[in-house]
Number of protein chains: 2
Amino acid sequence: MPVELTPSRALGLWHAVALEQVRVDSRDLTLRQMAILLQIYLVPPPHTVRGLAATLGVTKPVITRALDTMGALGLVDRVRDERDRRNVVIKRTVEGALYLEKFGDLIINQGRNL
Amino acid sequence: MPVELTPSRALGLWHAVALEQVRVDSRDLTLRQMAILLQIYLVPPPHTVRGLAATLGVTKPVITRALDTMGALGLVDRVRDERDRRNVVIKRTVEGALYLEKFGDLIINQGRNL
DNA sequence: CAGAAAAGAAACGCTTGCGTAACGATCGGC
DNA sequence: GCCGATCGTTACGCAAGCGTTTCTTTTCTG
């Protein structure tokens, strides 16, 4: 069953969520960073820099930098892959899960108030 | 009738939209800029720098800079208010309307594919 | 009509992200 | 074992955003 949305409702939802997120959270993740974060948490692991770069259609340094930033915020973690030590496996964190959980609630609440 | 969303569906929708938007459009508006843009286009005018700053909970220079950037992209326009020449009234543009229309379609399509 | 107040922009120094290119570390094929 | 390929990071110069402060123009007040 698809999510039923009219054009104006869709933009209205985005509007309400963006507005509330800006008001509530000073951490201003870029859309790219958000896409990366959601990819990590919603798609089954393992996640690598190269894989994320390919999925997002961006270069590898973009991923590295985003992981730097979000790592400093505690939203993700990096672990060297012991099977192939060239790889880095991106790990989820409790704080990251909490962050997205709150964000999901925000979407739902704003959707309810539409 | 509210938009019905479960937590995972809400994040999934955001994920799909963010991913597709990153892949398709090199213009990477920040969440703040997007919130401003949507406010301008979804809420009845007039819109002023001061009003937007208050609504978003940010300082005036943030709005000025965002309008500079989005103005350069053709997404919004600025016109001096002739009634009170201290004010600037933010105007919508055809290109901005088109941009949001496409974005709305993106949300709907991704919502359908959930 | 002088002085305070208000609106928006500009200036300042700083931080962060970008794309491209170069780099060390590690693996795989011969 | 070596040499090319692969993975992630780092370096570089540049553009854009931030918060704070200052400035200019315009309006309101007494």
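Hydrogens, waters and symmetry mates play no part in the numbers below; they use all other heavy atoms, side chains included.
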Exercise. Does a side chain donor of either A:His47 or A:Gln39 reach within less than 3.5 Å of an acceptor in the other side chain?
Worked result: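 No - no donor-acceptor pair under 3.5 Å links their side chains.
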For [X] and [N], give me the distance from atom [atom1] to atom [atom2], rounded to whole Å.
X: A:Arg50; N: C:dC27; atom1: CZ; atom2: C1'; value: 14 Å
X: B:Glu82; N: D:dT27; atom1: CD; atom2: C1'; value: 14 Å
X: B:Leu52; N: C:dG8; atom1: CG; atom2: C1'; value: 12 Å
X: B:Asp68; N: D:dC18; atom1: CG; atom2: C1'; value: 14 Å
X: B:Asp28; N: C:dT16; atom1: CG; atom2: P; value: 17 Å
X: B:Lys60; N: D:dC18; atom1: NZ; atom2: P; value: 16 Å
X: B:Asp81; N: C:dA6; atom1: CG; atom2: P; value: 18 Å
X: B:Ile36; N: D:dG17; atom1: CD1; atom2: P; value: 10 Å

Out of [options], which nucleotide sits closest to the side chain of [X]?
X: B:Arg32; options: D:dA11, C:dA7, D:dC18; answer: D:dC18
X: A:Val49; options: D:dA11, D:dT9, C:dG8; answer: D:dT9
X: A:Thr59; options: C:dG19, C:dG8, D:dT27; answer: C:dG19
X: A:Val62; options: D:dG8, C:dC18, C:dG8; answer: C:dC18
X: A:Arg65; options: C:dG8, D:dG8, C:dG17; answer: C:dG17
X: A:Pro61; options: C:dT20, D:dG19, D:dC7; answer: C:dT20

[X] side chain N/O closer than 4.0 Å to the phosphate oxygens (OP1, OP2) of [N]?
X: A:Arg78; N: D:dC7; result: no
X: B:Gln33; N: D:dA16; result: no
X: B:Thr69; N: D:dG17; result: yes
X: B:Arg86; N: C:dA6; result: no
X: B:Arg80; N: C:dG8; result: no
X: A:Arg85; N: C:dT26; result: yes
X: A:Thr64; N: D:dT9; result: yes

Exercise. Could you state the interatomic distance from CD1 (A:Ile40) to CG (A:Leu75), rounded to the nearest 0.5 Å?
Worked result: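 Answer rounded to 0.5 Å: 9.5 Å.
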Exercise. How close do A:Ala16 and A:Gln110 get, heavy atom to heavy atom, and via which atoms?
Worked result: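 Heavy-atom minimum between the residues: CB-OE1, 3.4 Å.
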Problem set entry | Nearest non-hydrogen partners of B:Met70 and B:Ile36, listed with the distance |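 Nearest heavy atoms, B:Met70 then B:Ile36: CE-CG2, 3.8 Å.
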Exercise. Can you find a pair of side-chain heavy atoms, one from A:Thr64 and one from A:Arg78, that are under 4.5 Å apart?
Worked result: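 Yes. Closest side-chain heavy atoms under 4.5 Å.
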Exercise. Under a 4.0 Å N-O cut-off, is there an ion pair linking B:Asp81 with B:Arg83?
Worked result: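 So B:Asp81 does not pair with B:Arg83 through a salt bridge.
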